[in-house]
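In each ligand, atom 1 is the first atom listed, and ligand 1 is the first ligand listed. We count residues from 1, following the sequence as given. These figures come from a predicted structure and were not determined experimentally.
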Amino acid sequence: MEIKNICCIGAGYVGGPTMAIIAQKCPSINVTVVDINEKRIAAWNDEDLSKLPVYEPGLDKVVADARGRNLFFSTEVDKAIDKADMVFISVNTPTKTYGKGKGMAADLKYIELCARQIARVATTDKIVVEKSTLPVRTASAIKSILDNTGNGSNAKFQILSNPEFLAEGTAVTDLLDPDRVLIGGDTSTEEGKEAIQALVSVYANWVPQNQILTTNVWSSELSKLTANAFLAQRVSSINSLSELCEKTEADVDEVARAIGMDSRIGPKFLKSSVGFGGSCFQKDILNLVYIAKSYGLVEVADYWEQVIIMNDHQKRRFAHNIISTLFNTVSGKKIAFLGWAFKKDTNDTRESAAIYVADELLNEQSNISAYDPKVQAEQMYADLDYLNTRSSEENRNGLTAFDNAYDACKDAHAIAVLTEWDEFTTYDWQKIYDGMQKPAFLFDGRDVLDTKKLEEIGFVCYTIGKGM
Ligand SMILES: NC(=O)c1ccc[n+]([C@@H]2O[C@H](COP(=O)([O-])OP(=O)(O)OC[C@H]3O[C@@H](n4cnc5c(N)ncnc54)[C@H](O)[C@@H]3O)[C@@H](O)[C@H]2O)c1
Ligand SMILES: O=c1ccn([C@@H]2O[C@H](COP(=O)(O)OP(=O)(O)O[C@H]3O[C@H](CO)[C@@H](O)[C@H](O)[C@H]3O)[C@@H](O)[C@H]2O)c(=O)[nH]1
């Protein structure tokens, strides 16, 4: 079966970049990305490519190549669904904030709405692809909705799981050259196998066949949660040892290098940090923990929950270290934050460690001055407000955002590096030092700065996993 029209529901960090690459690599397929968020769609359609709603290196060029040719962004959801042979569901699946499973389970209401909408408008057969990260066995719920809430048109549906493994900040290169593409489907029927092959053919336009892995649908769904759990576990593992390194004068980078050269361990995801953030790791592990618990697998659930407990500890201990180093009080003191995004090269701030460190410091009445190359003040306030720790007004009084690092650091008692943006290494650190209160403390939560040089200038430095 040849795919001619693709619709993707959800024009976010996954739907936008993923579909832009499919459109660029498959000029014969029309790709329409739809969303109910009108502002977001308008931004995807903006002539000025610097205004795209997702910042990813190289994405502007891909969008410029394909947009208007075979890549379209629209709010006309029904129309795009009905026209498509293949519908990707790429909507958000956040942690539930209410009811049963609150704070753990994935909230699948947006997924269900999509399934009902597809069933309502479809007049022809469709392959429905789960691109969102979903709990294992969600495909059966989607199938049940599609098969039982139809509009009488006799349209038939095949469900595939095709989880996305791109990381933000490197989305374009990850999509162009993925380690693997995973496609799960119903391998027990001819129609199921045909649907799998149809999606394989789309990716085969640029991904080598031996890197396109096909499995049953449950393995595919569970592999996504498992991959994120393993990756986050490595970060929590090295972060747990960063604390021990600080006590023992071992250097966490040297330890990471030494163990990473063991080919059985490997060098990636061993960079100690102020804690992992991003929209996926915490959400997906909590979801895994919830699923394990729901099957009564207490030991399995406890094992993975520890990854989150360690991460929360790492964020908190970074903040507490700032407080204790600044003579046990930060009340009324200005702390400059360099970085707010959860990692470099993205404007995404979801679950960023910076938010939690700021929250701890605001509890101690410090004044935060923040600068991030890609994050605006309103986003920072929204992130703090979302925690519900204090009033919105208090957050606005406690944090001031600046559009450059020099102003943010002026008169500060301390600087905290929360994101590893490359530009931080290029600053005139003598100038920054001259403008600060003394002693001028610097807390590098990402180990990006040359602390030796900074100490020669006069800074008192702490680096995660290396200590003072
Ligand atoms: N962000 C990542 O790096 C990443 C990577 C891999 C997988 N994922 C998974 O992909 C999914 C999407 O993540 P994201 O970061 O792109 O989320 P996002 O919040 O950036 O985008 C989701 C979009 O879906 C839209 N939407 C919700 N319900 C809709 C509906 N009924 N009709 C039309 N549009 C609707 C929202 O308006 C939003 O714009 C999640 O399940 C996530 O876990 C994310
Ligand atoms: O050695 C490391 C690697 C990462 N991090 C932190 O971990 C978080 C997540 O980073 P990363 O995984 O690079 O970015 P994400 O965009 O969250 O990507 C993850 O989550 C996505 C959503 O599911 C998956 O698709 C990706 O494969 C998976 O890497 C960030 O705060 C990083 O700073 C570290 O602290 N140390």
If we only count N/O pairs under 3.5 Å, is [X] in contact with ligand 1?
X	value
Thr133	yes
Asp348	no
Val14	yes

Do Trp304 and Phe230 have their ring centres less than 6.0 Å from each other?
yes
Should [X] be counted as touching ligand 2, given the test is an N or O pair under 3.5 Å?
X	result
Glu164	yes
Gly277	yes
Leu231	no
Phe165	yes

Taking only heavy atoms of Lys224 into account, list the atoms of ligand 1 that are under 4.0 Å away from them.
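In order of number, 6 (C).
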Check each heavy atom of [X] against ligand 1 and say whether those closer than 4.0 Å belong to the side chain, the backbone, both or neither.
X	answer
Lys109	neither
Ser279	side chain
Cys280	side chain

Side-chain donor-acceptor contact under 3.5 Å, [X] with [Y]:
X	Y	answer
Thr124	Lys126	yes
Tyr462	Glu246	yes
Asp85	Asn5	no
Thr389	Asp359	yes

So which protein heavy atom does atom 30 (C) of ligand 1 come closest to, and at what separation?
Ile36 CD1, 3.9 Å
What's the shortest distance from atom 17 (O) of ligand 2 to any protein heavy atom, and which residue and atom give it?
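Of the protein heavy atoms, Phe342 CE1, 3.5 Å lies nearest.
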On a heavy-atom basis, I'd like to know which of Val91, Asn92, Asp35 is closest to atom 11 (C) of ligand 1.
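Looking at heavy atoms only, the winner is Val91.
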Just going by heavy-atom distances, which of Glu164, Gln117, Glu168, Lys283 is nearest to atom 3 (O) of ligand 1?
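Of the listed residues, Glu168 has the closest heavy atom.
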Is the shortest side-chain N to carboxylate O distance from Arg350 to Asp383 below 4.0 Å?
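The answer is no: the pair does not qualify as a salt bridge.
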When you measure from the centre of the six-membered ring of Phe73, is the NZ or CZ of Arg67 under 6.0 Å away and within 45° of the axis?
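Judged by the rule, Arg67 and Phe73 form no cation-pi pair.
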Should you measure from each heavy atom of Lys224, which atoms of ligand 2 turn up under 4.0 Å away?
22 (C), 23 (O), 24 (C), 25 (O)
